Structure formats: C-alpha cells, structure tokens
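First comes the structure, then the notes that go with it.
Only a predicted model underlies this, so the values are computations on that prediction, with no experimental measurement involved. Residue numbering restarts at 1 for every chain, and letters A, B, ... go by the order of the sequence lines.
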There are 2 protein chains.
Amino acid sequence: MPTQTTRTPDMSVRVSSEVPNEVRKLSNFLCFAIYSANLAFGRAYKPILDKLGLTYTQYVAMVALTEQDDQTVGALGEKLFLESNTLTPILKKLESIGYIRRQRDPADERQVRVSLTPVGRALLDTEPAGSLVDATGLGEDFATVQQSVTRLRDNLLRSTQSHPGKK
Amino acid sequence: MPTQTTRTPDMSVRVSSEVPNEVRKLSNFLCFAIYSANLAFGRAYKPILDKLGLTYTQYVAMVALTEQDDQTVGALGEKLFLESNTLTPILKKLESIGYIRRQRDPADERQVRVSLTPVGRALLDTEPAGSLVDATGLGEDFATVQQSVTRLRDNLLRSTQSHPGKK
DNA sequence: CACGATTAAATCGGACACGATATAAATCAA
DNA sequence: TTGATTTATATCGTGTCCGATTTAATCGTG
C-alpha cells in the first residue's frame, strides 16, 4: 500500500500478491516519514503556538492572509490545500477571536471574502521570531529537503487529480 | 513561528520583533511543506485504503504489528509516535473488525498486548503491492528524501523532548 | 504487610480533515 | 424570463490527534 518496492518503498512496481516482509517496514515508508514528521512538527510548534493562542491550522491560515489579504474562502483553500468544510469552522473561530473578518462579496453573494483585522495583523508582526531555532537539525540540507517535499506534495496531488478515486 | 530566517525558513535566528514579509511565506515553511505533503499522501492513499476498509492510521498500526507481533499498546505507540489516548480507540476498532486481538498481559495486568489475527495478517499479505506506482515522482532522490525527513522528525522530537513545553 | 508513588491504558473534550450533503446565488439555455 | 445546472460556502458525521484526567495494577520504601 505505501508504495514500496524491492528497491525502496513508496515507488513499488511489484506485481505478485505476496508482500515480502523485509520490505514492508514502517521505517521504509516515505508516507510514514512524512506522517510522523508532521506529528513531530505539531508537537514542536505547540508550545509556541499556545502562547499565540492559535492552532497550527489557524496560524497558517493567517499567514496566507498576510501574503494576500481579502481572499475568498476558495482561494485561501487552494493555498492551504483545504476546502470549505475544513476552513469554514476555522475561519469562524478566527473571526470570533477578532483576528479576521468574513464578509460576503456584494458582487457575488456566494463568495465570502476573508481579511485580517489590525489586531490579527499585529499578532503576526510581533510573532516569535527565532522560534524553533533550528530544531530541524538539517543544516545546509534545509532548502533541499524543503524543495523535495514540496515537489513530492505537488506530484502526489497531481496524480490524485488524474486518478479521482471513486465517483 | 515556523522557524524561518533571512537565510531560509525554519532555522531562524532573528531577534527583532518585526517580521519581514518576504520571509514569511508559506512556500518557505518547511513545516507547511510537511503538513501539506501529509495531506497529499492521505488523499493519494485514500482510494487504495478504502478498498482495504482501513484508515491510514489503522493501516500503519497493522504494519507495525507485522514487523513485531504481540506488542503492548505502549510499545506500538512508540513505533507509531502515538499514545494510548489515540491508539486505544483505533485498536478497539481493528479488534471489532476482527483484524487484531487485544488481551491483558497476565503477567502485568496493566498492559494490553496486541496481535494480528490470521484474517488481519492475510489482509496485509495480499495487500495492493504496486500501489501509488511512483506517484512521488522523486526518482533517484527517493531514498535521500526519506532519510532526510526521518532525520528531521527525530531531531524535532528530540528538541521537543528537551523543551517539554509546559508542565 | 502497607500505603504512597509510579506506570499502563482508557476516557473525555476540543480541534482538524474529509466525504457527503445541503443551501443559496449565479449562470446558462430554451 | 424561467428553469435547470453549476458554483461557493456551509453543515454534518466519522475518525484521528492531543491535553488532561481517571482507573487499575505494580513497585518501592518503611
């Protein structure tokens, strides 16, 4: 399942129905590396985000708004790789805290435009700068890994796009 | 917050309280690359896992059991980077489906030992082998990325360990 | 032995992520 | 213009993930 191969997992081409056990180890799964690294990031950020009173998803939503303010829910979702079912409750929460505004677009009442309030913008401007002072430990490989993982993500989404599961 | 720097994000050393906007872009965040790649993996796997009738977490739990059967909840959690609060409901679910067994260790009644049933083992043995036939698109970089992300995870967890947030 | 401390799971509540569906507005076609 | 279709959000139910707490068993020291 996790795209594994005799060569190396997560790019399998095997066809037989027997899965050799030496291959199917979690430590060989790229998906599991990503999955567990995501858990690890969440835990590393938690104490910092707690001080801001934000969850990780709330935080990245606000960062996306600093890049481009007054976006629709859909446009924001494209940047965050989330849809309105996930985003709407989060945005409502941020609105209730007073960090963002949500208002129907008068030109197209189906759309909701989201923008930072001064308070919200101020929060990010005074944001904990040197947080996680290189807890990644990646050193000079940092940029390379960042790019590779981004490419991985884009490739996966592309392939998911072309094989739209069911329906 | 997301460990970003003038150099490159997620290893910041900045001290001023003003955060320059060129730096704080989601596309520069390693944490966001990991976060979104994890979402992408989940979506790529969903159609395959749906056929197995398993969620991703259920699946990796079973894989961990094929590596080492009859583990305690705690031991399994160490391998999955999860604790009993997350694991217990998942294991109960897998038990109700009939893929695993959960039984108190007679030698230490505090512990619950988890093992695969024949049905559960059979499910993984006939598992979709060539799934995700290199949807990663990483080619020869695959192994390198896998190792880097694993190292990243371990570094993050180590640093979280030493800075235990709040009590 | 006794009883307070530690340990292993489990439980509970809050927040995401997501499939499926609903609602309402805009668009398109007859 | 009307009515069907499409589009943008929102709602709902399920399944994680996690902090905090609970329960029960074991351990440690007197």
Side-chain angles (χ1 to χ4, degrees), chain A residues 32 35-47 49-50 53-61 71-78 80-97 102-114 157 160 164-167, chain B residues 32 35-47 49-50 53-61 71-78 80-97 102-114 157 160 164-167:
Chain A
F32 184 71
Y35 165 80
S36 51
N38 186 51
L39 294 181
F41 255 129
R43 291 166 199 176
Y45 276 155
K46 171 118 353 195
L49 286 168
D50 278 351
L54 293 177
T55 66
Y56 181 75
T57 313
Q58 288 167 1
Y59 172 72
V60 291
Q71 295 187 74
T72 65
V73 172
L76 199 53
E78 271 183 41
L80 300 177
F81 304 97
L82 295 173
E83 298 182 13
S84 68
N85 53 0
T86 301
L87 224 33
T88 297
I90 292 167
L91 296 175
K92 283 188 169 180
K93 174 72 180 200
L94 285 174
E95 183 183 40
S96 77
I97 304 177
R102 293 165 62 249
Q103 42 199 0
R104 291 276 165 188
D105 186 334
D108 184 345
E109 291 278 344
R110 290 174 303 181
Q111 300 187 129
V112 169
R113 306 200 78 91
V114 185
L157 290 178
T160 305
K166 60 161 57 174
K167 186 40 204 307
Chain B
F32 184 71
Y35 164 80
S36 52
N38 186 51
L39 295 182
F41 255 129
R43 290 165 199 177
Y45 276 156
K46 172 121 346 196
L49 286 168
D50 278 351
L54 293 177
T55 65
Y56 181 74
T57 313
Q58 289 167 1
Y59 172 71
V60 292
Q71 295 188 74
T72 66
V73 173
L76 199 52
E78 270 184 41
L80 300 177
F81 304 98
L82 295 173
E83 299 182 12
S84 68
N85 53 1
T86 300
L87 224 35
T88 296
I90 292 167
L91 296 176
K92 284 187 169 180
K93 174 71 180 202
L94 285 174
E95 182 182 41
S96 76
I97 304 178
R102 293 166 62 249
Q103 43 199 356
R104 290 277 164 189
D105 186 336
D108 184 345
E109 291 279 345
R110 290 173 303 180
Q111 300 187 127
V112 169
R113 306 199 79 90
V114 186
L157 289 177
T160 304
K166 62 163 56 171
K167 180 46 276 224

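Mapping A/K46 and A/R110 onto DNA chain D via the closest heavy atom, the residue that lands nearer the 5' end is A/R110. For the pair B/P106 and A/R102, both in contact range of DNA chain D, the more 5′-proximal nearest nucleotide belongs to A/R102.
Distance from the side chain of B/V112 is smallest to C/dA10 among C/dA10, C/dA25, D/dA10.
The phosphate of D/dA8 (OP1 or OP2) has no side-chain N or O of A/T72 nearer than 4.0 angstrom. In this structure, A/K92 reaches the D/dT11 phosphate: one of its side-chain N or O atoms is under 4.0 Å from OP1 or OP2. Between A/T88 and D/dA10 there is a side-chain N or O to OP1 or OP2 distance below 4.0 Å.
A heavy-atom distance below 4.5 Å is found between the side chains of A/L94 and A/L54. The side-chain heavy atoms of A/F32 and B/Y59, taken from C-beta on, include no pair separated by under 4.5 Å.
What separates CG of A/L76 from P of D/dA8 is a distance of 15 Å, to the nearest Å. Whole-Å rounding puts the B/L87 CG to D/dG15 C1' distance at 14 Å. In this structure, the CD atom of A/Q71 is 11 Å from the P atom of D/dT9, given to the nearest Å. Distance, B/L91 CG to D/dC17 P: 12 Å, rounded to whole Å. Between the CD atom of B/Q111 and the P atom of C/dT6 there is a distance of 19 Å, given to the nearest Å. Summarising the geometry, the separation between CZ on B/F81 and P on D/dT16 is reported as 19 Å, rounded to the nearest angstrom. The CG-P distance, from B/L49 to D/dT16, rounds to 11 Å in whole Å. When rounded to the nearest whole Å, the span between CG of A/D105 and C1' of D/dT7 equals 14 Å.
Distance check, rounded to the nearest 0.5 Å: CD of B/E109 to CD of B/Q111 gives 10.5 Å. Interatomic distance, CG of B/L157 versus CZ of A/F41, reported as 10.5 Å (0.5 Å rounding). Considering OG1 of A/T160 and NZ of B/K46, their distance stands at 11.5 Å, rounded to 0.5 Å.
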Donor-acceptor pairs are to be reported for all side-chain atoms of residues 84-92 of chain A against protein atoms at under 3.5 Å, with residues two or more places apart or in another chain.
residue : atom : partner : partner atom : Å
A/T88   : OG1  : A/S84   : O            : 2.8

Identify each atom pair where a protein N or O and an N or O of nucleotides 15-17 of chain C are less than 3.5 Å apart, giving names and distance.
residue : atom : partner : partner atom : Å
C/dC16  : OP1  : A/T55   : OG1          : 2.4
C/dC16  : OP1  : A/Q58   : NE2          : 3.1
C/dC16  : O3'  : A/T57   : OG1          : 3.3
C/dA17  : OP1  : B/Y35   : OH           : 3.0
C/dA17  : OP2  : A/T57   : OG1          : 3.2
C/dA17  : OP2  : B/Y35   : OH           : 3.0

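In this structure, the side chain of B/R113 does not engage the main chain of B/D105 through any donor-acceptor pair within 3.5 Å.
A donor and an acceptor atom sit less than 3.5 Å apart, one in the side chain of A/S84 and one in the base of D/dA10.
Residue contacts shown for B/R113 are absent, as no nucleic acid heavy atom lies under 4.0 Å away.
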